[in-house]
Amino acid sequence: MISFDKVTKRFGSNLALCEISFDCAAGSVHAVTGENGAGKSTLMNLLAGIFPADGGEIRLRGEPIAPERPSEARRLGISTIFQELTLLPNLTIAENLFLGREPMRGAMVNRRLMQERAREIMARLGSSLDVDTYCGDISLADQHLVEIAKGVSVDADVYIFDEPTAALNAPEVEKLGALLESLKAAGKLVFYVSHRLDEIFRFCDRVSVLKDGRHVETRATLSLTRDELVSLMVGRVLSQFFPARPTPAESAPVELGVRDLQVVEAGPKVSLALRAGEIVGLAGLEGQGQRSIIRALAGLHPSMAGEVTKNVAGEMKLLKLSVVETVMAGIGFVPEDRKTEGLYLPLSINQNIALGMLPRLSIWKIAPTGRNLIADLMLRMNVRSTSAGQEVGQLSGGNQQKVMIGRWLAAGINVLLLEEPTRGVDVGAKTEIYGLLRDFAHRGGAVLVVSSELLELLGLCDRILVVRQNEIVAELEGAGTSEEEVMQYALTGHAKHSQASPCLN
Amino acid sequence: MFELIQKSRRSGLSLIVLALPITLFILLCLSSSTFTRFENLANVNSQIAALLIASLGQGLVAISGGIDLSVGAVMGLTSAILVTVDPALAVPLALAVGVVVGLVNGFGVTLFNVHPLVMSLATMTVVQGMALAVHPIPGGTVPAFLRTMAVSRFAGMPAAFFWCVGAIVFAWFLLNLSRFGLRTYAVGANPISAGRNGIAVIRHKVLCFVLCSLSAVIAGIFLSARVGAGDATMGASYSLDTVTAMALGGVQLAGGTGSVLGVVAGVLTLGLISNGMNLMGISPFLRAALTGVLLLAAIGFQRRETIGA
């Protein structure tokens, strides 16, 4: 259906894609995978009409194509579900689904027809959302569902799913699986861009691996094992994805104590303690309050009640929860959306790291450039860049995240709060980030992580706290628990009673 | 009405936006015996017609994520053209000038990436200068047919009433019923996302600026005809007044939020305050000062949110 023939794309002097060639057949789900910065999104963007190729040819049923605009790609029968949401918050679900191809009645938009068809589309995805709701008013997971619905509702021959599950929970991923099956059965070609191995093996027939802008291999997924795929992606065998967990030290001092914290009015109270040297995870379904809890501790989300104490030089000090106060006390926060909430994209790596050290200095002090410290940090964290003066906006997701974490390390904090630490980060950088966090904990730091990737929490954390409806319903040993057990608590709030397996969908 | 307010995510309407003009109306009824006279109400209508027409255009640009400070200058140039050019050519020429100014604003903002505030400030200066060069001293006569269209009565109602209704109906259709309106909200909320949905963002924004300049031309035609003379600086206060009226009407300058009803409410609020101060004999200079305060207050009270997150 689609063939790539020596496709090349350059960004400035940077070779993003180098002579990519492979074929994809109709009636199949074709995974495109690789580390971040490998060029998989770039390749798909060529097909989606975001920018043109610099060399080579893309053929659709043997005919060369070169869409210049998203609308042109759509006309050619290529529909894209973008990684970044393209929904407009001030449009309803129905309006978003049909934006750019509104059904008309004369000069007017035919709203009734639009709503009717929107309801059909959403029902097909098993969603009962009111199509007249504004997209800004629904949860992130639902927004992703609408985004998928929008892409699928276009009558196309080729569908591109660019990391569709980044913000989806298990039940929605199941629905997505069924959807992919039905597209496949209808003889469509589906590109599935992802670096989630589970999904590649579950959903996809064939997989093309890219690395550093080059095509490594295209194989049937059935002929591959997980380890083989990972080594194709990373270029080396991953003996251990997560760093080893040390044996817990019972006597380690509490670094951060939380008592009766309330993040919603009249809501349940949350208590927890973070000890030096441990990594603790907050697990749960999307929107159950994990985020509010960690943000409250970072001073970004208002807390209704509660007492937070921080170990300052051996003494537990009561904290007022404001950003200034928490940073001064040595608590660093790495937000989920590092691009808008965390980093200064147009500034250099140097400046980004130095800015983290500033708040804890007197305002009259000359700003430190800390070249040695920064060079040392970048080396330790293996930040891949041309120089410390490079703009952070030009780095890949994984390297940006390393700079973000490095900034707090340079600032000398000892409690690190992280939201989705490896979102949009490739496999290779993931292990490095896990290693960094473990290393930080090993030096006496305490880490609290919120993540929607359960496997990440299971592999990384010493303890997992399961949050459900703003309440901690379970505390589990990271090494001793399972995906199933955590999901059981996350869904029902209590342990399994009977032998019947919990219904995850 | 409550349903309208509930949908405030897009309309920007709130109880205050709608209650403000109503409250002012009631207060004026109670405090001044002359206010409710048909003559005065007709007068208020005439006074706000030009502001309403220009504000609807400004609102469109604002919803698409821009701002146009050149509307006042365009009104002035329109006025200058009306009294200096052959009556048969005056209106088409003024409209053509509007299209050109809109295109310049639109392309400057989209293709050359100039901030709309700076872009329209620049065109404002150019257009204002040209207007003064064409017609330095107020005076001259506006073509008779225009004057008839602006000041006569039809079926007992002042002509201004029909100008207003026409503008409102057109803007309403554009924003709420047409594809263009839906896409304007999309472009204003997030141009990148809108582009990925297959909307020609540049063309769309340029079109919004052109429509805004055209509405300024029409406002200029009405105002000159009503006054009966040409004045190159006639629109001076309108650039800021339209922005203030919009802000009072809950239209957000960040783009993506606003409604025709809101703009109408904002224009009424500003118009009633003007008229009220006039009836009470308060200096027009203070009125100008108050407009600035109102703008700040309206922007300050707007419930803002980051759109596109």
Side-chain angles (χ1 to χ4, degrees), chain A residues 45 48-51 67-76 78-92 94-111 114 132-138 140 143 147 150-151 154 160 162 335-337 339-341, chain B residues 3-13 62-65 169-204 250-259 262 302-309:
Chain A
N45 283 345
I50 304 297
F51 36 65
E68 279 172 17
R69 268 180 293 281
S71 53
E72 200 180 328
R74 210 186 260 178
R75 263 199 305 283
L76 288 166
I78 300 166
S79 175
T80 311
I81 291 110
F82 291 102
Q83 182 180 1
E84 284 96 23
L85 289 170
T86 62
L87 301 180
L88 284 312
N90 59 343
L91 265 55
T92 66
E95 287 167 345
N96 263 301
L97 287 176
F98 289 97
L99 185 64
R101 53 191 178 97
E102 305 84 352
M104 300 299 284
R105 194 178 51 211
M108 285 187 269
V109 175
N110 190 341
R111 284 185 185 271
M114 194 159 90
D132 290 329
T133 324
Y134 284 107
C135 278
D137 293 337
I138 59 179
L140 192 62
Q143 288 180 3
E147 186 79 41
K150 187 174 73 178
V154 176
I160 302 170
D162 197 351
E336 171 183 352
D337 187 355
K339 287 180 186 165
T340 58
E341 284 189 293
Chain B
E3 196 185 324
L4 279 170
I5 293 172
Q6 262 185 353
K7 295 198 168 180
S8 68
R9 179 173 278 281
R10 182 149 98 206
S11 67
L13 290 175
I63 292 169
S64 80
V169 168
F170 181 73
W172 176 274
F173 173 81
L174 204 61
L175 269 181
N176 296 359
L177 301 180
S178 79
R179 183 161 71 184
F180 182 85
L182 186 62
R183 293 178 175 192
T184 307
Y185 282 105
V187 167
N190 186 339
I192 296 171
S193 292
R196 298 220 160 166
N197 282 296
I199 294 170
V201 176
I202 292 182
R203 195 175 67 194
H204 199 97
V251 182
Q252 295 202 0
L253 294 170
T257 307
S259 64
Q302 269 182 5
R303 192 181 110 249
R304 261 165 295 180
E305 55 183 317
T306 28
I307 288 184

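All chains are named by letter (A, B, ...) in the order of the sequence lines, taking the proteins before the strands, and each is independently numbered beginning at 1.
Paired with Ser193(B) under the rule side chain to side chain contact (heavy atoms under 4.5 Å, CB included), one option of Thr86(A), Leu85(A), Asn96(A) passes, and it is Thr86(A).
Other residues, nucleotides and ligands contribute more than 12 heavy atoms inside 6.0 Å of the CZ atom of Phe180(B). Counting non-hydrogen atoms of other residues, nucleotides and ligands closer than 6.0 Å to CZ of Arg203(B) gives a total of 12 or fewer.
The contact between Phe173(B) and chain A is made entirely by side chain atoms (from C-beta outward), counting heavy-atom distances below 4.5 Å. Interface residue Asp137(A): backbone and side-chain heavy atoms are both found under 4.5 Å from chain B. For Leu177(B), the parts lying under 4.5 angstrom from a heavy atom of chain A are both the backbone and the side chain. Residue Arg69(A): no heavy atom, backbone or side chain, is found under 4.5 Å from chain B.
A search for side chain to side chain contact (heavy atoms under 4.5 Å, CB included) contacts involving Ser64(B) returns Thr184(B), Cys208(B), not counting sequence neighbours.
What you find for Ala189(B) and Pro89(A) is that their closest heavy atoms are CB-CD, 4.3 Å. Across all non-hydrogen atoms, the minimal contact from Arg196(B) to Arg74(A) is O-NH2, 4.3 Å. Taking every heavy atom of both residues into account, Arg10(B) and Thr92(A) meet most closely at NH1-N, 4.3 Å.
The closest side-chain heavy-atom distance from Tyr185(B) to Leu88(A) is not below 4.5 Å.
Of all the listed residues (Arg75(A), Arg111(A), Glu95(A)), the one sharing the greatest number of non-hydrogen pairs under 4.5 Å with chain B is Glu95(A). Among the candidates Ser71(A), Ala73(A), Gly106(A), Cys135(A), the residue making the largest number of heavy-atom pairs closer than 4.5 Å to chain B is Ser71(A).
Under the 3.5 Å distance criterion, the side-chain polar atoms of Asn197(B) are left unmatched by any main-chain donor or acceptor of Leu99(A). Panel note: side chain Arg179(B), backbone Ala107(A); no donor-acceptor pair is recorded below 3.5 Å.
Annotation: the span from Asn90(A) atom CG to Thr257(B) atom OG1 amounts to 6.0 Å, rounded to 0.5 Å.
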